[in-house]
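Lettering follows sequence order; numbering is per chain, from 1. Nothing here was measured: the structure is a model prediction, and the numbers come from that model.
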Amino acid sequence: MLVVITLFLPLLFALLTFLSGNRYAKYVALAGGAATFIACVLLKPIFVSGQLQPIAVSYPWIANPVVNFALSLDGLSFVLVALTTFLVPFIIGTTFGKEIDNAKAFYSLILLMEFGLLGVFLAADGFLYYIFWELALIPIYFIALIWGENKDREFRNRAIFKFFIYTLAGSLFMLLGFIYLYQSTGSFSISALYNLNLSDTEQSVLFWAFFVAFAIKIPVFPFHTWQPETYKEAPSAGTMLLSGIMLKMGLYSLLRWLLPVLPHGVMLWTPLVIVLAVIGVIYGSVIAVKQDNLKKLLAYSSFAHVGLITAGIFALTREGFQGATVQMFAHGFNVVGLFFAAEIILQRTGTLSISQLGGIRNVAPKFATVFMVVVLASVALPTTNAFIGEFLLLFGVYEYNTWLSVIAGLTIILGAVYMLRMYQLVMLGETNDTTAGFRDLNSRELLLFALLIIGIFQLGLAPKMFMTYVQPSLDLILNYSLR
Amino acid sequence: MSLTLIAFLFLSLVAVFCGLMTVLSKNPIHSVIYLIGCFFAIAGHYLLLNAQFLAVVHIIVYAGAIMVLFLFTLMLMNLNKESEKHKAAIARIGAVIAAGAMMLVLVAVLKRADSLAIPSTQNIAIGTIENLGRVLLNEYLFPFEFASVLLLSAMIGAVLLAKKDHQKAA
Amino acid sequence: MADFKSLSLSGRKKDVSDKDMTFMEKLYLPAIAKGMGITLRHFFKPKVTIQYPEQKREFSPIFRGRHILMRDENGAERCTACGLCALSCPAEAITMTSSERKKGEEHLYREEKYADTYEINMLRCIFCGLCEEACPKEAIFLTQDMAPADYKREGFIYGKEKLVMKMEDIKSNTK
Amino acid sequence: MDLGFVIEKSAIILVIFAITMLIALYSTFGERVFASYFQDRLGPNRAGPGGLLQPLADGVKMFTKEDFIPETPNKFLFIFGPFLFMTTALITSSVIPWGDTLTLFGREVKLQAADINVAILFVFGVVSIGVYGIMLGGWASNNKFSLLGAVRASSQMISYEVAMGLSIIAVLMMTGTLSLRGIVEQQHGFIDWSGNIPWFSWNVFKQPVAFIIFLVCAFAETNRTPFDLPECESELVGGYHTEYSSMKLGFYLFAEYINMFISSALISLLFFGGFNYPGMDWVAHNLGGNLATLVGVGVMFTKTLFGIFFYMWVRWTVPRFRYDQLMNLGWKILIPLAILNILITGFVIILNGN
Amino acid sequence: MESIFNIVPIQYYIFISAVLFCIGILGVLFRRNSIIIFMSIELMLNAVNLLLVAFSTYHNDASGQVFVFFVMAVAAAEVAVGLAILVTIFRNVHTVDIDELKSLKN
Amino acid sequence: MKTLIYTSALGFICMIVEMLNMRRYIVPVAVTGLAVIFGLNILDWGLAESHFNGMLVTDNFSVAFSGLLLLIGFFIVLLSGHFYKNEESKLSDYLAIILFTLVGALAMVSFGNVAMFYLGIELLSISLYILAGSKKKDLRSNEAGMKYFLMGSFASGILLFGITLIYGETASFSLQGIASYMTAHPSPSVLFYVGVGMILIAMLFKVSAAPFHFWAPDVYEGSPTLTTAMMATLAKIAAFAAFYRLFSTCFIPAYPAFAWMLSTVAALTLIIGNLSALHQDSFKRMLAFSGISHAGYLLLGILSLYGKTDQAIFFYSFAYAVASLAAFAMAIVVAANAGSEKIEAFNGLGKRKPYLAFALTIAMLSMAGIPPFAGFFAKYYIFSEAVRNGHVWITVVAVLASIVAVFYYFKVIVAMYTKESAETAFEIKPAYLLVITICVLLTILFGLFPSQLANLL
């Protein structure tokens with residue numbers, strides 16, 4: 001029951017936020033996010049004799065087609081739910097310093113989005129999952145559309161719309177895939193889908209129906225073209241939601257809904273996908289090096305990271321899976337931290353152009369420090385969370401193909417190059433006109449960064465507990481995937 | 001050639017000729033008159049087919065009411081000037097080809113409908129008013145009533161549309 | 001002036017009213033039947049037609065018809081072309097030209113001066129009889145005859161040949 | 001088809017045609033005579049004894065006048081109009097039963113050109129065609145007054161045809177047949193003894209309302225006063241036949257009298273028992289069937305001629321309607337009345353049936 | 001009574017009405033005067049009526065002829081409405097040429 | 001059966017009310033009447049009878065569709081009171097014609113004989129011709145009426161020819177009779193195929209499927225908006241219901257011969273409808289093209305006739321109807337306030353009237369087929385039936401088309417939320433608010449609980 005409450009809390013608070021009016025909206029929204037987080041903590045799955053017990057509930061919902069309101073919380077889901085419930089209040093917190101017009105709508109959309117995201121991570125019924133998948137899309141579309149930063153409205157509309165169309169197009173094919181699966185099984189329940197035996201041709205076609213949807217969301221090369229523009233145009237909170245959580249939807253879905261359901265299809269297309277993913281890694285990194293816009297740089301870096309995660313997942317090894325999970329979690333923290341920093345820079349200086357910045361460290365040492373930590377985490381310095389993830393991922397890819405892993409490994413170097421270059425240009429050097437009046441972090445921002453950094457190191461130093469949660473689910477998925 | 005066949009061929013010829021002239025006449029009034037001629041030929045066919053009642057009703061309704069309305073409208077609009085511009089040549093050729101092709105297809109396809117057996121007898125009582133009335137007011141009573149709603153709606157509509165508004169346009 | 005409106009010169013004046021008609025009146029049928037009755041009655045009434053050429057109507061004794069230019073008992077024309085008739089004519093229908101009487105024409109014209117032409121446009125003439133009254137010589141009179149019809153306008157301009165009294169009528173005239 | 005049948009029918013058709021023409025011819029004369037009588041005059045009485053040759057004189061005059069065709073884009077239609085009007089007027093007489101059967105040379109001769117089972121509808125059909133004559137003629141005259149007359153004529157005739165048809169339906173509901181002969185034969189004699197209560201057998205006593213409606217509509221259909229708006233001289237200078245002269249004008253005028261004749265015949269057939277007369281059974285029984293039939297024919301013509309007289313009578317009594325009054329009368333009074341009449345008739349039939 | 005279809009095969013009726021129908025279609029496509037288009041549609045309906053009556057006699061079934069009544073009723077209603085629309089257009093633009101009616105084309 | 005008779009009676013009552021000089025009660029009377037009839041209609045649920053010698057059939061299909069049509073009629077009547085405020089003296093005429101249109105539509109969903117089908121379709125069409133051309137002073141309306149009229153009667157001519165050929169083959173007009181003939185003669189003659197083909201073409205004309213759709217945009221744009229709403233909802237749904245009933249009961253044997261044609265037409269309709277909608281400035285014209293594309297989706301339902309797709313068609317019709325009614329109501333409101341039917345007229349609505357903007361957004365999202373609104377499930381059911389019956393490729397086309405659809409639906413949303421406009425007074429009548437609210441609520445409700453509706457049939 002608690003899982004249902006957890007799921008619906010954001011929806012409830014979205015309504016409350018909307019009703020509370022513009023003035024109190026942000027507090028109500030924060031309270032809502034926090035409440036959901038607390039609920040999530042209370043929800044923590046329990047171990048019975050060393051075995052993790054997934055929580056599952058199921059209520060009949062739609063009779064035709066047979067759709068159950070079925071939720072299941074296993075380790076994998078829990079990790080992502082935790083990530084979501086943690087990051088949403090965090091993101092809400094990051095916006096406190098800014099005047100937002102029509103705030104009630106803004107915050108309730110964020111909470112609505114959280115509802116959709118949680119639904120995606122919790123759903124144990126294909127149709128329900130699909131609905132949440134689409135539901136998560138609409139709020140972010142409006143957030144990006146209405147509260148976007150760029151003044152060029154037409155450009156923004158087009159960029160955001162591109163994002164929407166891409167994702168929707170992908171998901172509609174997924175819907176077709178689900179319809180086909182439903183015709184074969186008569187059920188959308190995840191267990192029925194896992195036990196489905198389709199012919200290889202069917203699987204190979206269906207694979208694309210699903211994969212395209214996920215690949216667009218992740219994004220995997222060459223489905224990524226929406227990403228940099230959208231990240232740049234969306235308000236920072238939106239970008240954080242997109243990069244911190246929404247990407248994980250795609251990755252999670254690969255693990256949960258693609259690999260176990262269509263193992264033969266996956267087998268057939270794995271080489272291609274891994275190659276695409278690795279291309280994405282290199283491509284993203286190289287492009288990132290040349291970026292001038294901070295947010296765009298971060299977007300490409302994110303693109304490179306998720307490429308590696310995808311490759312790890314499609315390596316279909318234990319290590320790859322583990323690495324992917326860890327990296328999903330870690331990337332959530334890191335990228336949100338980076339974008340928060342970018343947001344702070346944008347608010348204080350009014351620009352995101354790297355070439356116009358410089359010397360912030362001189363006027364804002366606290367900011368420089370926390371920013372440094374986050375940057376280092378994102379370049380996978382040992383002891384930070386991303387190190388473990390990247391290591392495991394590369395190991396997984398290595399098991400699949402040595403050369404690919406070598407190429408993918410370049411990401412570490414390239415990542416270091418562009419991140420540190422960015423840091424150098426932005427923070428170090430001489431102070432100029434734009435950065436001279438840079439105010440250092442206030443206590444609210446400091447607190448937020450502190451929370452983030454704790455998270456970064458916590459996972460980096462003690463990944464064991466994390467693994468115990470995730471491992472059973474991953475093993476299960478791996479079993480089904482190697483059917 | 002029996003008399004019936006000759007009558008059939010004659011009426012068909014008249015019908016087709018008048019039909020064509022309806023379509024091709026430049027003057028709309030002539031079209032109306034040819035169409036009336038065509039209707040008479042069709043009424044003749046009805047008589048051949050032993051549908052006397054229908055033949056007369058056909059004349060009353062089509063020739064006596066509908067075509068009068070046409071003529072009436074034409075006169076009110078005073079459209080006797082043969083001022084109609086032709087469609088572009090290409091459109092006209094297209095129209096001819098389309099209709100011709102349609103006709104060819106229909107005739108060719110329906111030519112294969114030779115499986116229809118020839119009935120040995122013909123019940124001449126079918127077309128009598130008694131029989132028609134019986135069928136109309138028993139089996140088809142509801143459509144009959146329904147048609148009245150249709151006519152009422154058309155009547156309201158015609159009045160609504162054709163009546164001039166007396167108040168000045170604002 | 002208060003009852004100007006109710007004033008009736010002919011004595012048959014009826015006020016127009018737009019009062020609502022009763023149902024029976026609206027039917028019109030009784031009124032029509034009544035009207036039909038009236039027409040039918042007329043159908044059987046004696047006819048008033050006078051079949052002209054055969055039947056003629058009595059003229060009034062003061063009837064003024066076609067003009068005549070009188071001769072005296074000797075057969076001489078009385079008219080001296082003084083022009084008073086033309087002067088008095090309100091319709092200006094009379095024209096004349098005068099001439100001197102020549103020797104040897106005394107049996108024709110009573111005075112020294114006579115009307116050489118004398119024309120009355122019968123289309124203009126209103127048969128008022130003023131010419132008759134104006135004539136000092138009692139030369140012009142209006143008779144009890146009617147002016148006959150003609151096919152042409154010119155035919156209605158009566159010259160002397162039509163106006164002057166026929167010789168054979170002199171006797172009756174002298175009475 | 002045996003020869004006798006052909007001869008018989010040809011003879012009847014010829015006779016009917018001749019009689020129709022003759023009666024129409026003398027209607028023109030009658031019109032003038034009656035008009036003068038109603039106006040306390042004598043009317044034409046010069047040509048022939050009592051003016052009886054007047055119609056011939058008129059005909060000669062018509063034929064000898066100049067046949068003038070105005071500047072019109074449609075010469076054919078200009079000529080076709082009066083032709084059509086005349087033809088349709090004449091065709092109607094073919095279904096009218098002028099008398100009962102006559103036994104000649106061992107044959108039963110029906111005094112009717114064609115006894116078809118949809119005779120009334122046939123009449124309606126032909127009458128509805130007749131309007132084209134006026135419309136085409138008026139339109140082809142290329143003259144505003146003619147056009148107005150034609151438009152008035154067509155709308156008037158269409159409007160009143162509806163009421164006419166509806167009024168007839170009430171009659172048909174009682175007779176149960178569309179054949180004119182059938183309808184006439186149902187009005188046998190004068191008083192019907194077959195029912196419980198003896199009642200007059202003529203339809204006018206059973207359907208007075210239908211009779212009145214039919215009568216009014218007949219006036220409108222024939223463009224007679226008080227519904228002679230299509231040709232009213234004071235407004236339209238003659239209406240649709242303003243431009244016509246000579247025999248084409250003659251056709252129009254003539255056809256109008258034929259229409260009058262036919263409609264009178266219809267009225268007498270539908271409502272006044274046609275060739276039935278009181279005591280016909282007695283005559284047939286005592287003086288032989290043929291004589292009875294001949295008397296019947298005489299009766300029929302008497303009734304018809306009275307009808308024509310009635311037309312003229314009304315003409316000199318009732319003034320012309322205004323156009324809106326005409327339409328109001330047709331659509332707002334006669335049609336609802338006819339429908340009401342149908343309803344009442346229906347109820348009565350149902351009550352009687354049970 | 002001997003059937004008429006011994007003398008005139010039913011196919012003939014199908015042909016003649018198909019031909020008339022196509023003439024109607026031709027008129028609709030060929031002409032610009034909307035009244036004539038309208039008349040062509042009437043011609044199409046009449047072709048159908050003819051065929052209905054033929055089939056009705058052929059099948060010895062009166063319902064075909066009854067259907068013709070409905071077609072006539074509908075045709076009458078259509079004419080009333082159609083001509084009314086025509087008149088309203090004519091009042092506004094003084095033409096009945098359908099190709100002149102272009103205010104809605106983008 | 002009752003539904004149909006009472007609805008026509010209601011039309012008469014409206015005229016009588018006018019005669020009694022109680023004009024201001026007309027709309028309330030009509031609305032109440034329709035509500036009562038809706039209730040009576042529901043009472044017929046579960047019956048399976050035929051009336052008047054099989055002329056009318058009452059079964060769940062007819063009751064469900066009648067209910068839907070009555071609902072649409074209810075909304076239209078609600079809106080009409082204010083829509084015709086400038087022509088108050090003709091209100092009763094308009095209302096009577098609207099109700100008679102509804103009667104025609106009702107006949108089309110419950111006919112048991114082709115005669116009723118034909119008369120129903122004609123009553124519907126003729127009434128709509130009138131309504132389309134009813135703005136006499138407006139040339140665009142006249143033109144719309146004329147075009148609709150010419151195309152409509154042309155189509156009914158073709159329909160009739162088809163019916164006649166079917167009659168020639170089967171000697172019957174009743175669906176039962178035709179169906180039993182078909183079971184007795186599994187391989188009918190060519191007459192039958194030509195007949196079915198012509199009926200098919202005529203129906204495609206009526207539902208404005210490509211390539212027979214060319215009249216629709218002009219007519220939709222030119223007609224008064226309320227009439228456009230009726231054409232887009234009432235007429236289209238009735239036509240599809242009739243289409244389904246006719247083909248599923250009688251013409252199944254001839255069906256495979258036409259499957260290729262239908263699928264081509266469906267694909268064309270989807271592609272043309274969506275692509276043409278993309279570059280429209282006028283909201284109404286955009287809705288017209290979107291209506292064409294929706295016809296394409298519904299054709300998918302007809303295409304999959306072999307399976308029992310009536311529930312899919314019903315649900316799609318419902319979702320489409322409520323969403324478009326909301327959209328059309330908005331179009332009327334916005335056009336009345338901004339004086340333009342262009343999409344620019346919606347600029348800044350998100351700020352000025354957030355609720356209305358929200359409602360329209362939901363309607364647009366539903367039409368675009370985005371969960372969790374009714375439109376999503378509608379598409380789901382249609383796709384699922386199509387896939388089940390093996391029409392995978394056409395479904396893929398449909399999916400692509402619905403992606404394209406998002407473009408133009410979102411144009412409006414973007415205009416409402418991101419464009420600025422001069423602040424002007426914006427006024428909305430309660431009736432419109434009510435209709436929009438109900439429509440949006442229904443859209444959401446049946447998006448969350450679709451099977452309640454979809455399982456009706």
Taking all non-hydrogen atoms of both residues, which atom of F:Val406 and which atom of A:Phe161 are closest, and how far apart? O-CZ, 3.7 Å

Chain F and chain A: which donor-acceptor pairs fall below 3.5 Å?
from	atom 1	to	atom 2	distance (Å)
F:Gln311	OE1	A:Asn64	ND2	2.6
F:Tyr381	OH	A:Asn64	O	2.2
F:Ser384	O	A:Gln183	NE2	2.7
F:Ser384	OG	A:Gln183	NE2	3.3
F:Thr418	O	A:Arg153	NH1	2.8
F:Thr418	OG1	A:Asn157	ND2	3.4
F:Leu448	O	A:Trp61	NE1	2.5
F:Ser451	OG	A:Ala63	N	2.9
F:Asn455	OD1	A:Asn64	ND2	3.1

Could you tell me which portion of A:Ile160 (side chain, backbone, both or neither) has an atom closer than 4.5 angstrom to a non-hydrogen atom of chain F? neither

If you count heavy-atom pairs under 4.5 Å with chain F, which of A:Ile146, A:Ile165, A:Leu145 comes out on top? A:Ile165

A:Phe127 ring center near F:Phe376 ring center (under 6.0 Å): yes

Could you tell me the separation between the CG atom of A:Leu168 and the CD1 atom of F:Ile370, rounded to the nearest 0.5 Å? 5.0 Å

Under a 4.5 Å heavy-atom cut-off, does chain F meet the side chain of A:Leu175, its backbone, both or neither? side chain

For A:Leu135, enumerate each residue passing the side chain to side chain contact (heavy atoms under 4.5 Å, CB included) test, keeping only those at least two apart in sequence or located in another chain. A:Phe115, A:Phe132, F:Pro372

Where do F:Pro371 and A:Ile138 come nearest, in terms of heavy atoms and distance? O-CD1, 3.6 Å

Which atoms of A:Leu176 come close to chain F, meaning under 4.5 Å heavy atom to heavy atom: side chain ones, backbone ones, both, or neither? side chain

Among F:Phe383, F:Phe449, F:Phe407, single out the residue with the greatest number of heavy-atom pairs under 4.5 Å to chain A. F:Phe407

So do A:Phe173 and F:Val396 actually touch side chain to side chain, heavy atoms under 4.5 Å? yes

Check the surroundings of atom CZ in F:Phe358: do more than 12 heavy atoms from other residues, nucleotides or ligands lie under 6.0 Å from it? no

